[in-house]
Structures are given as structure tokens and as C-alpha cells.
Amino acid sequence: MEELSFDRVRERLLRGLREPLPGPAAQRAMAPRPRPGWRPGRTPPGSRPAAALLLLYAREGRAWLPLTLRPPHLARHAGQVSLPGGAVEDGEDIATAALREAGEEIGLAEPAVEILGRLSPLYVPASGFELHPVVAALPGPPLLRPDPKEVTRILQVALDRLAHPRARAHEWRSWGGLRLRVPFFLVEGERVWGATAMILAELLAVLGVRLGRTSSP
């Protein structure tokens, strides 16, 4: 597996995020099947905009990013692994909302954060949000402090390990009378699935990483 160094990742993203994005074609690789309520590339009228931050930072030359484990008491996506993010407030642009949410959830307060661009928006049926992923870069590890009301712990993920075939698998789940095939990334003993996994799949596609079929754990 190619080592995804920070400098190489930043350069590829600066180019790739300015070109046509892979969008649903990449998102499908990690989408539950079926995914009720999701029509690839489409957002229902009345959906509320939300923003999420993919913060790529340098650590020992490699590219890393933080993910959050949500507490079990939350009304939505309880106990799941997510990107820092939340609803866009009135008058905010997408990047400002992503940075604000990262500040609130994981204590991000780094003036050197560089906004590289955005991935494709993704409709999340469970919350009714149209989620806009913002990609940013930081030349060193950030100082992070999780808000215990919203984050149980922060997962620090090396991007090249996330891209490794052994980091992906799938399982079968029952939901609403349906049998779903749910792909996931395995990160620090946690399953990363759903919208977060779909966004990460597009990020890897922009970097030229092809995701093959997943296996059962």
C-alpha cells in the first residue's frame, strides 16, 4: 500500500478538488445496500444544510485525520463514528460552519488551517440534512479537546491505513423489515459506516485510491 504522505495528499487534493468530483460513483463503494431514502446525487426539497470537516494534518510525514465517536445518549447517530460537523446557521457559509462545529466538538482552534475545497454533498436520510464535506489541511498535529456532551473520544486515523483493504469489511443488518449489506471501515476497534464512510470513500477516490469489494469480518 502506497504511503499517503501529507505533502502528496495536499498536492493531489488541491488539484483533484478543482476537477469534476467522483460523487455518487465513489460514495456507493461504502454505501449500505439498499440505502432507504437515498437517491444518488439528489437531495429532497426542504433538506437542511449541514457541514462536516475533513481535517488532514501532518504527523511524522504522513497524512492523518480526526474522527469522533458520538455518545450513546444523543438523539441522532448515537454511538456512531462521525466527522466533526453540524447544521449551518443562518448567514454562515459552508466552510465557516465546518470550522465552527470542529471548534465546538473537538476544540479545534488552529489559525493555520487551510481550506482545500469541498467534496460532493450527501443527503443523510436519518437526519434530513444535506451534508457538505469541507476538506482542510494543517501542517502539524492539532491540539484537540473533545466536548464530552457531543464526543466520547477522538479517533486519530492515518489515511494510508484507512486505504488498506484490511481496514474494510461488511456485515448484514436488519432495518425496517429490510436486510442491509453495510460496508464499514474498521478504525481503532470502531466501525465507521453510513454517511461518514461514504464521504471517506470519495476522499480516497479523489486521491486515486480504488476501493475493491469488502469481506465479512
Side-chain angles (χ1 to χ4, degrees), residues 1-31 38 40-43 47 49-59 61-68 81-88 92-103 105-106 108 110-124 129-142 156-164 167-168 185 187 192 194-211:
M1 174 61 59
E2 175 189 9
E3 182 175 294
L4 295 175
S5 71
F6 174 79
D7 290 339
R8 184 173 299 172
V9 165
R10 180 183 172 278
E11 290 173 5
R12 287 184 181 179
L13 289 174
L14 281 171
R15 294 195 306 269
L17 294 174
R18 286 160 176 74
E19 298 173 355
L21 295 170
Q27 294 167 349
R28 279 193 186 96
M30 295 300 289
W38 181 58
R42 299 188 183 184
T43 299
S47 302
L53 186 68
L54 294 105
L55 178 66
L56 286 305
Y57 64 87
R59 178 176 162 188
R62 298 163 70 194
W64 294 66
L65 77 159
L67 298 173
T68 65
V81 177
S82 302
L83 293 161
V88 177
E92 273 189 322
D93 61 42
I94 297 297
T96 299
L99 291 171
R100 174 184 54 76
E101 287 286 343
E105 293 185 6
I106 60 175
L108 179 67
E110 299 283 352
V113 171
E114 175 189 16
I115 301 297
L116 303 180
R118 283 156 52 179
L119 295 171
S120 304
L122 176 65
Y123 177 63
V124 184
F129 282 125
E130 182 185 45
L131 185 57
H132 297 263
V134 176
V135 184
L138 188 66
Q156 308 280 358
V157 184
L159 200 57
D160 51 3
R161 292 188 180 178
L162 193 69
H164 199 287
R168 294 180 296 111
F185 294 98
V187 175
V192 184
T196 302
M198 295 167 69
I199 291 168
L200 292 174
E202 188 181 22
L203 176 70
L204 292 171
V206 172
L207 292 170
V209 177
R210 292 176 175 263
L211 299 182

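Computation of the quantities below employed the complete heavy-atom set of this structure, encompassing side-chain atoms and omitting hydrogens, waters and symmetry-equivalent molecules.
- In terms of modelled atom types and a separation under 3.5 Å, the side chain of E202 and the main chain of G23 share a donor-acceptor contact.
- The shortest heavy-atom contact between T196 and V192 is CG2-CG1, 3.6 Å.
- In this structure, the side chain of T68 engages the main chain of S82 through a donor-acceptor pair within 3.5 Å.
- For the residue pair A51 and A98, the shortest heavy atom distance occurs at CB-N, 3.7 Å.
- Residues Q27 and S120 bring no donor and acceptor atom of their side chains to less than 3.5 Å of each other.
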Check: Are Q156 and Y57 close enough, and set up right, to give a side-chain contact (heavy atoms from CB on, under 4.5 Å), and what steps lead you there?
Finding: CA-CA 10 Å; Q156 308 280 358; Y57 64 87; 2.3 Å; yes

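- Panel note: side chain R12, backbone L207; a donor-acceptor pair is recorded below 3.5 Å.
- Remark: the backbone N or O of R62 is not paired with any side-chain donor or acceptor of S5 at under 3.5 angstrom.
- Annotation: the span from E92 atom CD to R100 atom CZ amounts to 4.0 Å, rounded to 0.5 Å.
- When each of V135, L138, L116 is tested with L56 by the rule side-chain contact (heavy atoms from CB on, under 4.5 Å), just one qualifies, namely V135.
- Between V134 and L54, every side-chain heavy-atom pair lies at or beyond the 4.5 Å cut-off.
- Summarising the geometry, atom CD belonging to E105 is positioned 9.5 Å from atom CG belonging to L83; distances are rounded to the nearest 0.5 Å.
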